[in-house]
Structure formats: C-alpha cells, structure tokens
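Encoded as structure tokens, the structure appears first; notes follow it.
These numbers come from a predicted model, not from an experiment.
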Amino acid sequence: MKKNELLEGPILSSLLKLAVPIMIANLLQAAYQLVDAFWVGRLGGDAVAAVSISTPVIFLTIALGTGLAIAGSILIAQYFGAGNQKMVNHVAAQTLSMVIIVSVFLSIIGYILSPYFLYLLKVEPTVYVDALGFMRVAFVGLVFSFGFMIFQSIMRGVGRVTLPVYIVLGTVILNFALDPLFIYGWNFIPALGVKGAALATLSTQLLAIIIGFAILFRGKHGIHLRISDFKPDYKHIKRAFEIGFPSSIEQSMRALGMMAITFLIVRFGTLTVASYGAGSNLIQLILIPALGLSMAIATLVGQNIGAGNIDRAAQISKLGAYLGFGLLTGLGVIAFIFAPYLIAFFVPNDQAVIDGGTELLRITCLSWGFLGLQLCLTGVFRAVGNTKLPMILTLVSQWVIQFPLAYILSHNTSLGKIGIWWAFPIASVVTALITVAVYAKGDWKKERLTGKTNKLIDKVESEIVKEGFDISK
C-alpha cells in the first residue's frame, strides 16, 4: 500500500484496505484459541474450565508488555506519515528489543508462579493439573507470542497489513493439524491432553516469529532493520515507557478485571466456569472486527496526524466509529438468534454448558455495538499518543462499574450468576457514552508526537544522532 493512499485517497477505501487485512489477521490469530477450544472441548467441561481459568492469567502477563508494542506502533505510524524513514527503522528495532527482553522476564516469573496463581483462583482438584500444564507451556511460549505481536504492530505502523495475514494463515492451519496430535497422541507422540493444545500453539508461533524476523531484516516492506539498530537507546526507551506504560496499565486492568470476574464465577462451580469459557470464546471472536477497525483507525489517524492532516484524521475517526457501532450491533443480533448453535460448536457433548453459555451470550450480545464504538474511539486517542485517557476509561469500566456491579448483583440479589452476566452490557453502554463525550470535546486534535509541534521529540531525535545512534542506515 502506497503512502499517498493513506494520506490522500478516499477515506473509506483507505480504512477498509487497512481494516480488512487486520481483521483477517486478528481472526486467524484468535483461531489459535478457537482451534484449541474446538479440540479441548471434546475432552469435556473440566478441560474447558482448565483453559478458561488459565486464560486471564496469561492475558495479564501479555498485557504488561502490550504497552510497549502500542507505543512503538504509534510512533512508527506518525514518523511514517511524516516521511521520516530513519526514525521508523530506529523505533522498530528499539521496540522489538525492549519487548523481547520484557517477555523473557515475564515468561520466567510466570512459569515459577503458575501454581500460586491457581491456588489464588481456588480451582477445583479435577481442573488443577490440566490448568497448571496449560499455563506453564503458555508461559514458555510467551516470548514467541510477544515477538510476533510486535512484528504485526510494526507492519501496521507502516501500512503493510497484508503480509501478516499469510503468515498467520499458514501457522493456524499447522496448529489445527498439531492440536489433535499433541492432545490425543499418535504413534510415538504421547497424549498430553490440555497441555498439548498449548504446546501446538507454542510450536507454530515460534515458526511465525522466525519468518517475521527474516522479513524485517530483508528490508523490502517499509522496514529495514540492521544489528546496529538494536544498540540500546535509553532516551527512546524512556519515551516509549512514558507512552506505553499507561497502555500496559490499561491492558493489565482489563486482565485483572477478567481475573476478578473469574473469582466470582468460580464460586458458582465448574459448570458456570465452563459456560463462561464457552461463551467468552464467542465474545472474543466477535470483538475481532472492532479491534481490527480500531487498529486501522489508529494507523490512519496516526499517519495523518504525523503529516499534519488534522481534518482528515477527524473524518477517519467519525467514519470508523459509525462502522464499529453498526458492525458489532449487526453481529450481536445474529449471535442472539443462533446462540445455542454457536456454543454447541465448542462444547457439543455437554448440554448444561451449552445452556449456560447461551444464557451468557444472549444477555451480552445486544450491547456489542457500544463496545465497538468505544474501541474505535480509543484507537483515535492512542493514535495521537494519549494513552492515559484509554487507561482511565478502562479503570472506570472495569473497576468502577463492571466488577462492583457484578459483585452486588451476584451476591446481594436473587440473580446469582446471572448478575455477573448483566454487569458486562451495563458497563459497555455506560463506558461508550463517556468515551463519546470525551471525544466530542475535541482535545485530541491538539496532540502530536512528531514534527515541529513537539519540540521535546525533535530534541530527543537530535540527541540520538549526536550520541552515535546511526539511524541513517
């Protein structure tokens, strides 16, 4: 995709050219979990519960490093829009090295603390062994997950969003083939059960990151990394942490919110946990179009802000918000109608889990449009480098509205577990309305990370050159 297509072409066309490949890539990326859920579901409700309990802990760990990826993507998009290829390469290399170091550290800590996480979650004995095996293998593969996540964010920043689709497609097909081999065993391959699903994902993501690194170093897709680019640049690291830390907190609060909700759900037994796992698989799948649209909006707005096209950036954000609301509302209606069949796809042999998952899905799905609206507008805030505002909105949604409401409705009313489900749509609607009000105020248009409007960033760039960081290569 040529740069002028993003800065000057028709907005809807530019948005769709970015959003559709990102959606497909994210859908395929989520297929790792969906394929795992498909095969693990054949093992029964206890196996599904083991994965469901492990997922929030893994997500929390990933969230701690996600902020750096977001910071790198924001900076790359704005520098690319401003035509500064030297800083695009520099930022990409620094972001990649930072996230890999962080992921190795988190992987080691997570592996060691896995039993303590499960103890805190008070998992039932029938679930503990499978959950521990799945969690530990997932932590070992964390560095590969992080590495490919950064590769995708770098490609998004420069508008090259199609290439990751082919890589993920190939690895998902391979994962579908490896899952039954590792889960159920075959010939000399032992049956590993739930742990086998995590091992299959680890293997395919290792292959994906090897391919991604090769592409970045070949330099034919808007980025050309060299070993010298990885020399630590502490001024950039500081700046990336300032931008990325609020996003890490935001993602962490989402993950902690999921864990807190899991605490409430566990109280109602394994059946409820399995129902939540089956229903949440569908919810995560349906969110992919909104997340893809949000990422496309962030890239387009970021590049246009970098180029000084403020009015075009505003038009992109409005159109994206309308699309996000309409698309997820439509998907919500479809999910409401076909809920039992969708849940049965993942857990075909357990009618009690199908009924419980259907109940969760139907309570939450008609509010998905508001969640899509919120995600698209927070993509605008991130694009201009304002990562604190999405963090605050998440804190309000998760900890001021959703968790307290879930606790009150499930403990102090006759709703029981149904009260937990109702907390999701209420939090989505309220948070979306707050986000729209903040966006309408228009302060985001005044913010920018690169170019003449930010003297601090210009100073940092000049100091990078003075101190010997060769960004001209």
### Task
Would you tell me whether T431 and S397 have side-chain atoms, one donor and one acceptor, within less than 3.5 Å of each other?
yes
### Message
Given 3.5 Å as the limit, does a donor-acceptor pair link the side chain of N309 with the main chain of R312, or not?
### Response
no
### Query
Is the backbone of F424 close enough, under 3.5 Å, to the side chain of S428 for a donor and an acceptor to pair up by distance?
yes
### Message
Looking at every non-hydrogen atom in both residues, tell me the closest pair between G320 and I297 and how far apart they are.
### Response
CA-CD1, 3.5 Å
### Query
Any side-chain heavy atom of Q402 sitting closer than 4.5 Å to one from I261?
yes
### Query
Is there a donor-acceptor pair under 3.5 Å between the side chain of S294 and the backbone N or O of L291?
no
### Query
Between V396 and V430, does a side-chain contact (heavy atoms from CB on, under 4.5 Å) hold up when you go through it step by step?
CA-CA 10 Å; V396 170; V430 174; over 6 Å; no
### Message
Looking at P10, is its backbone amide N or carbonyl O close enough to the side chain of S13 to form a donor-acceptor pair, meaning the two atoms are under 3.5 Å apart?
### Response
no
### Task
Would you please test L216 and M155 for side-chain contact (heavy atoms from CB on, under 4.5 Å) and show each step?
CA-CA 9 Å; L216 293 175; M155 290 292 100; 3.7 Å; yes
### Message
Checking the side chain of S107 only, and the main-chain atoms of V104 only, is there a donor and an acceptor separated by less than 3.5 Å?
### Response
no
#### Entry: Heavy-atom check, side chain of T364 versus side chain of W422, under 4.5 Å
no
### Message
Working to the nearest 0.5 angstrom, can you tell me the gap between L15 CG and L293 CG?
### Response
5.5 Å
### Query
Mind checking whether W421 and Y276 have parallel, tilted or perpendicular rings, split at 30° and 60°?
parallel
### Task
Kindly give the heavy-atom pair with the smallest separation between L342 and L282, and that separation in Å.
O-CD2, 3.8 Å
## Note on the structure
Between S317 and L377 the two heavy atoms that sit nearest each other are O-CD2, 4.4 Å
### Query
About how many Å separate OG1 of T378 and OH of Y439, when rounded to the nearest 0.5 Å?
12.5 Å
### Query
CZ of F105: more than 12 outside heavy atoms within 6.0 angstrom?
no
### Task
Check each of I210, T171, V168 against F148 using the side chain to side chain contact (heavy atoms under 4.5 Å, CB included) test, and report the only one that passes.
V168
### Query
Rounded to the nearest 0.5 Å, what separation is found between the CG atom of L389 and the OG1 atom of T394?
9.5 Å
### Query
Between atom OG1 of T201 and atom CG of L206, what is the distance when rounded to the nearest 0.5 Å?
12.5 Å
#### Entry: Closest non-hydrogen atom pair, R362 against F336
NE-O, 2.8 Å
### Task
Without swapping roles, check the side chain of Q94 against the backbone of K231 for a donor-acceptor pair under 3.5 Å.
yes
### Query
Going by heavy atoms in the side chains, are F144 and T204 under 4.5 Å from each other?
no
### Query
Between R239 and L75, is any pair of side-chain heavy atoms under 4.5 Å apart?
yes
### Message
Pair I100, V143 - check side-chain contact (heavy atoms from CB on, under 4.5 Å), show working.
### Response
CA-CA 6 Å; I100 288 176; V143 63; 4.2 Å; yes
### Query
Just wondering, do K86 and Y79 contact through their side chains at under 4.5 Å, heavy atoms?
no
### Message
Checking the side chain of N304 only, and the main-chain atoms of L300 only, is there a donor and an acceptor separated by less than 3.5 Å?
### Response
yes
### Message
So which atom in A77 and which in Q303 form the shortest heavy-atom distance, rounded to 0.1 Å?
### Response
O-CG, 3.2 Å
### Query
Does T387 reach the side chain of F245, with side-chain heavy atoms less than 4.5 Å apart?
no
## Note on the structure
One should read off an interatomic distance between L96 CG and I209 CD1, to the nearest 0.5 angstrom, of 6.5 Å
### Query
Are L409 and I420 side-chain neighbours, meaning at least one heavy-atom pair lies under 4.5 Å?
no
### Parallel, tilted or perpendicular: rings of F230 and F217 (30°, 60°)
parallel
### Task
Calculate, to the nearest 0.5 Å, the distance between atoms CD1 and CD belonging to I418 and E359 respectively.
3.0 Å
### Task
Look at the side chain of H411 and the backbone N and O of Y407, then say whether any donor-acceptor pair between them is shorter than 3.5 Å.
yes
### Task
Indicate the atoms forming the closest heavy-atom contact of A335 with L361, along with that distance.
O-CD2, 4.2 Å
### Under 3.5 Å donor-acceptor, R136 side chain and Y111 backbone
yes
### Message
For F403 and W399, take the angle between the two ring planes, folded into 0 to 90°, and tell me which bin it lands in: parallel under 30, tilted 30 to 60, perpendicular over 60.
### Response
tilted
### Task
Find out whether I112 and F139 are in side-chain contact, i.e. whether some heavy atom of one side chain is under 4.5 Å from a heavy atom of the other.
no
### Message
So does I265 get a backbone contact from the side chain of R267, meaning a donor-acceptor N/O pair under 3.5 Å?
### Response
no
### Modelled atom types, side-chain donor and acceptor of S145 and Q205, under 3.5 Å
yes
### Task
Show the numbers, then the answer: is there a salt bridge (charged side-chain N to carboxylate O under 4.0 Å, His left out) between E250 and R382?
CA-CA 12 Å; E250 175 196 350; R382 290 193 189 95; 2.5 Å; yes
